[in-house]
There are 2 protein chains.
Amino acid sequence: MSAQVQSMHWRDGRLHLVDQRALPGRLEHVVCSSWQQVREAICSLAVRGAPAIGLAGAYGVVLAAQRLAVPSSAWTEAVQALRTARPTAVDLSWAVQRVARDAEAATNPAEAALRTAMFLHRQDAERCARIAKFGAELIPAGSWVLTHCHTGALATGGEGTALGAIAAAHRAGRVLGVYADETRPLWQGARLTAWECGRRGIPCRLLVDGAAGGLLASGRVAAVLVGADRIAANGDIANKVGTYPVAVLAARSGVPFYVLAPESTIDSGLPSGADLPIEERPGGEVLSPVAAPGTEAYNPAFDVTPAELVTALVTEGGVLRWPYAFGISAGRGATERA
Amino acid sequence: MSAQVQSMHWRDGRLHLVDQRALPGRLEHVVCSSWQQVREAICSLAVRGAPAIGLAGAYGVVLAAQRLAVPSSAWTEAVQALRTARPTAVDLSWAVQRVARDAEAATNPAEAALRTAMFLHRQDAERCARIAKFGAELIPAGSWVLTHCHTGALATGGEGTALGAIAAAHRAGRVLGVYADETRPLWQGARLTAWECGRRGIPCRLLVDGAAGGLLASGRVAAVLVGADRIAANGDIANKVGTYPVAVLAARSGVPFYVLAPESTIDSGLPSGADLPIEERPGGEVLSPVAAPGTEAYNPAFDVTPAELVTALVTEGGVLRWPYAFGISAGRGATERA
């Protein structure tokens with residue numbers, strides 16, 4: 001049906017991660033045998049995508065539990081270092097704490113940690129499938145859609161969130177193809193979305209991020225589908241920089257703007273987008289490849305999309321339409337984190 | 001005061017153009033001794049920026065008048081080929097026709113063409129100075145501003161339009177610095193705006209085009225200043241792709257959005273933005289440098305900003321605020337074209 005890639009797998013006591021930095025040129029793996037290597041893979045973006053980062057962190061805790069006494073100060077330090085490897089995606093913090101908690105409660109911490117990490121991995125594949133099913137139903141037949149950044153199999157433990165829904169709608173014959181924002185500065189659209197669409201047989205047209213406005217105004221796009229790195233309790237969305245402009249432009253052109261993410265992305269502890277931590281990354285990402293020497297850069301990795309610009313939020317629990325009647329923090333994700 | 005570069009000069013019967021493709025790495029010139037070479041320089045973007053394209057076209061007519069009988073079918077063909085080298089910027093068509101008309105009316109066509117081309121060149125420097133003066137007065141003291149694409153000396157026959165106004169406000173101590181959109185796919189912000197700001201001592205922070213929305217929402221920018229390639233009679237603006245998103249985002253955040261361009265940019269023959277011709281350029285510009293092999297691209301070079309999103313239009317004639325009381329096509333530019 002589709003040549004879906006797997007973002008990571010556990011084999012012979014080590015975590016094998018697709019090195020997303022090497023794509024689309026080479027499909028190769030980073031092999032981690034220590035929690036420090038997992039942290040480095042997360043920080044250096046060898047693995048990216050909120051759900052995938054969470055799973056990598058979960059397996060990182062397994063590696064820590066194999067080497068360190070549980071509990072111990074070294075263990076606590078390892079868990080904390082994994083949990084905070086990147087600040088914006090909340091899945092990471094959630095998954096790391098979940099695995100650490102199960103390890104600490106077990107007589108064999110390493111075994112318990114691995115069991116939980118593998119459970120979360122399977123669970124992510126299942127919730128991706130549910131998100132894809134709910135999301136695909138929102139897309140009208142015969143349409144082209146627009147996406148930003150990358151939300152496919154590489155970004156998750158399953159078939160993806162927004163791109164998973166697009167793939168499901170394509171298999172059902174409803175989506176004709178995808179317009180993909182290239183997504184500067186790290187080219188997730190050009191490198192990863194275009195590559196995954198190619199493997200999965202989904203027609204893909206790449207555009208520069210600045211061209212999305214004119215495209216939406218032209219009426220050629222039936223819906224926008226994106227993922228999320230963290231969702232505040234009021235429904236405000238933190239996602240890859242450039243998401244907020246697309247949401248504003250979609251609203252202006254009357255194009256539905258859908259956010260697809262697992263419930264674990266919802267951070268009920270954050271009242272609104274004003275409280276969302278935004279990671280600023282090295283300026284070199286912007287200055288590469290062509291900027292004039294000596295130039296400074298401003299490089300926020302994420303931006304905040306206000307809840308009222310989100311037509312609907314799609315989780316494994318279903319489709320929530322703004323304004324959210326009971327608050328989105330009441331979902332299963334929030335319960336699991338409690 | 002400032003190390004301002006000159007976009008082009010005429011010497012020894014040849015047109016010397018700064019090769020904008022080689023910047024910021026090398027400052028070198030393309031030397032044109034035939035109208036065909038000028039056309040090629042325009043098509044290949046060795047010269048770009050609406051006023052600079054117009055002047056290059058004007059000098060291209062001079063080269064045609066030196067080699068060809070005026071009038072003749074070869075002459076008519078040359079003028080037509082220069083006039084249509086790029087479709088969106090109207091300055092090109094305007095300047096080429098102006099020089100051709102003067103050549104055709106003279107006993108020595110080549111001499112008359114050169115006189116008119118040099119007049120237009122001096123006139124562009126003067127109108128840049130007036131635009132800079134009017135524009136600089138709109139910028140509050142102590143502010144950072146945002147710009148898109150490149151509108152400096154390289155894009156004109158003088159000190160620039162939007163970037164000229166920013167430079168003037170910087171000299172007056174009012175502008176602290178510029179946030180510059182990198183402007184994919186051709187990096188005019190990263191390559192040219194950052195380079196010119198560096199030469200002119202204006203602090204410049206580069207950002208990816210997708211980060212402009214969050215920046216505007218943050219309140220750190222006091223005004224947006226951009227140029228224009230063509231302005232319809234109702235005030236709709238065609239400019240570099242990505243301009244329209246910035247206008248929408250500025251309006252949402254209550255940040256003034258100023259368009260600075262000579263009156264010759266106004267095309268009174270076009271009722272509205274719906275009639276503006278938008279050049280689609282080769283997909284390779286988007287696919288370079290990193291897209292997955294086999295990907296298609298959608299690459300419009302321009303987009304249309306509706307007039308109501310433009311806080312004010314600044315020309316050499318002064319500051320026009322929307323809604324335009326008498327229609328903007330009544331200016332001197334329109335009269336000159338009549």
Side-chain angles (χ1 to χ4, degrees), chain A residues 23-25 148 177 179-185 187 189-198 203-215 217-218 220 240-249 252 278 283 285-287 289-300 302-304, chain B residues 23-25 148 177 179-185 187 189-198 203-215 217-218 220 240-249 252 278 283 285-287 289-300 302-304:
Chain A
L23 286 170
H148 188 75
Y179 285 97
D181 283 351
E182 64 176 12
T183 316
R184 280 281 290 157
W187 311 101
R191 294 192 302 110
L192 306 176
T193 300
W195 180 80
E196 259 198 63
C197 285
C204 177
R205 290 183 192 153
L206 197 66
L207 62 155
V208 299
D209 303 326
L215 177 68
S218 77
R220 275 182 276 187
K240 179 54 52 197
V241 69
T243 301
Y244 160 67
V246 176
V248 172
L249 293 158
R252 183 177 163 94
I278 299 298
E285 293 178 355
V286 176
L287 301 176
V290 297
T295 307
E296 280 181 51
Y298 167 64
N299 187 23
F302 301 93
D303 61 22
V304 176
Chain B
L23 287 170
H148 187 74
Y179 284 97
D181 283 350
E182 64 177 12
T183 317
R184 280 282 291 156
W187 312 102
R191 295 192 300 110
L192 305 176
T193 300
W195 180 81
E196 259 199 63
C197 284
C204 177
R205 290 184 191 152
L206 197 65
L207 62 155
V208 299
D209 303 325
L215 176 68
S218 77
R220 274 182 276 186
K240 180 53 52 197
V241 70
T243 301
Y244 160 66
V246 176
V248 172
L249 293 157
R252 184 178 162 92
I278 300 297
E285 293 178 354
V286 176
L287 301 175
V290 297
T295 307
E296 279 182 52
Y298 166 65
N299 187 25
F302 301 92
D303 61 21
V304 175

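Order of the sequence lines fixes the chain letters, A, B, ..., with proteins taken first and strands second; residue numbering starts at 1 for each chain. Remember, predicted model here, so these are calculated numbers, not experimental data.
For B:Leu215, the parts lying near chain A are the backbone and the side chain together; criterion is any non-hydrogen pair under 4.5 Å. For A:Arg184, the parts sitting under 4.5 Å from any heavy atom of chain B are the backbone and the side chain alike. For B:Tyr179, the part lying near chain A is the side chain, with the backbone staying farther off; criterion is any non-hydrogen pair under 4.5 Å. For B:Pro300, the part lying under 4.5 angstrom from a heavy atom of chain A is the side chain only.
Heavy-atom pairs under 4.5 Å with chain A were tallied for B:Ala212, B:Pro185, B:Gly214; the largest tally goes to B:Pro185. Of the listed residues (A:Thr183, A:Leu207, A:Asn299), the greatest number of heavy-atom pairs within a distance under 4.5 Å of chain B belongs to A:Leu207. Ranked by heavy-atom pairs shorter than 4.5 Å toward chain A, the options B:Gly242, B:Ala180, B:Gly189 are led by B:Gly242. Contact count against chain B (heavy-atom pairs under 4.5 Å) is highest for A:Pro289 among A:Gly294, A:Pro289, A:Cys197. In terms of non-hydrogen atom pairs under 4.5 Å with chain B, the most contact-rich of A:Asp181, A:Asp209, A:Val241, A:Leu23 is A:Val241.
With sequence neighbours left out, A:Ala190 forms a side-chain contact (heavy atoms from CB on, under 4.5 Å) with A:Glu182, A:Trp187, A:Leu206, B:Val290, B:Ala291.
Residue B:Leu249 comes nearest to A:Pro245 through the heavy atom pair CD1-CB, 3.7 Å, listed as atom of the first residue, atom of the second, then distance. For the pair A:Ala194 and B:Thr295, the tightest heavy-atom approach, listed with the atom from each and the gap, is CB-OG1, 3.4 Å.
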